[in-house]
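Only one structure is covered here, and it is reproduced in the block below.
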Amino acid sequence: AIEFPVIETQPPSDPGPLDRAIACLPDYDWVLFTSRNGVRYFLDALDRSPYDIRHLRGRVCAIGASTARDLRELHIKVDLVPE
């Protein structure tokens, strides 16, 4: 067998949409995380912004148990993990 990676994760090439979304965090009812990479890129962008986790006032959904675990390890409570 020869390993051949076919997926490469990278931060967004244009940080503008994520930065604008972070600026509006208090306005969201829900924030959905679809992967551990999404959690990491979100928190990296949050760290670069003038805001912090206190701006996250909506409920948190994690798509999958491992994403939920990553959030909980960061002391972010998860409200929903769909079956």
Side-chain angles (χ1 to χ4, degrees):
I2 298 172
E3 279 192 44
F4 187 76
V6 294
I7 296 176
E8 179 181 6
T9 57
Q10 299 178 357
S13 58
D14 177 8
L18 181 54
D19 292 343
R20 287 189 294 279
I22 286 172
C24 296
L25 271 181
D27 300 332
Y28 293 114
D29 295 323
W30 283 93
V31 178
L32 284 74
F33 292 95
T34 58
S35 70
R36 67 179 358 171
N37 291 313
V39 171
R40 184 180 57 159
Y41 293 136
F42 169 78
L43 290 174
D44 288 347
L46 187 62
D47 284 344
R48 287 191 311 273
S49 79
Y51 308 102
D52 64 28
I53 201 67
R54 293 173 292 180
H55 283 75
L56 178 58
R57 296 199 178 105
R59 297 173 77 188
V60 174
C61 175
I63 303 298
S66 64
T67 304
R69 184 177 52 255
D70 291 341
L71 288 162
R72 289 184 189 115
E73 287 175 1
L74 295 165
H75 305 282
I76 298 172
K77 299 202 184 309
V78 176
D79 297 294
L80 178 65
V81 180
E83 292 182 23

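Since this is a predicted model, take the numbers as computed values, not measurements. Both backbone and side-chain heavy atoms feed into the values below; hydrogens, waters and symmetry mates do not.
- Pairs engaging residues 56-83 under the ring-ring contact (aromatic ring centres under 6.0 Å, His included) rule: none recorded [sequence neighbours left out].
- In terms of the side chain to side chain contact (heavy atoms under 4.5 Å, CB included) criterion, residue partners of Arg57 (sequence neighbours excluded) are, by chain and number, Pro26.
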Given Ile53 and Leu74, is the side-chain contact (heavy atoms from CB on, under 4.5 Å) satisfied, shown in steps? CA-CA 11 Å; Ile53 201 67; Leu74 295 165; over 6 Å; no

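- Interatomic distance, Leu43 CG to Ile76 CD1, rounded to the nearest 0.5 Å: 5.0 Å.
- Each ring-ring contact (aromatic ring centres under 6.0 Å, His included) pair with one or both residues in residues 30-51, not counting sequence neighbours, appears once here: Phe33-Phe42, Tyr51-His55.
- Annotation: side chain of Lys77 is not in contact with side chain of Val60 (no heavy-atom distance under 4.5 Å).
- Partners of Asp79 under the salt bridge (Lys or Arg N to Asp or Glu O under 4.0 Å) rule, at least two apart in sequence or in another chain, do not exist in this structure.
- Considering only heavy atoms from C-beta on, Ser35 stays 4.5 Å or farther from Ile63 through its side chain.
- Summarising the geometry, atom CG belonging to Leu18 is positioned 4.0 Å from atom CD1 belonging to Ile22; distances are rounded to the nearest 0.5 Å.
- Judged as a ring-ring contact (aromatic ring centres under 6.0 Å, His included), not a single pair has a partner in residues 3-23 (not counting sequence neighbours).
- For Arg20, the salt bridge (Lys or Arg N to Asp or Glu O under 4.0 Å) criterion is met by no residue, not counting sequence neighbours.
- In terms of hydrophobic clustering, with Ile, Leu, Val, Met, Phe, Trp and Tyr side chains grouped at heavy-atom distances under 4.5 Å, Leu71 and Tyr28 are assigned to a common cluster.
- Interatomic distance, CZ of Arg36 versus OG1 of Thr9, reported as 11.0 Å (0.5 Å rounding).
- To the nearest 0.5 Å, atom CZ of residue Arg59 and atom CG of residue Leu32 are 11.0 Å apart.
- Within a 6.0 Å sphere centred on CZ of Arg40, heavy atoms belonging to other residues, nucleotides or ligands number more than 12.
- Put simply, the side chain of Leu46 does not reach to within 4.5 Å of the side chain of Leu56, judged on heavy atoms.
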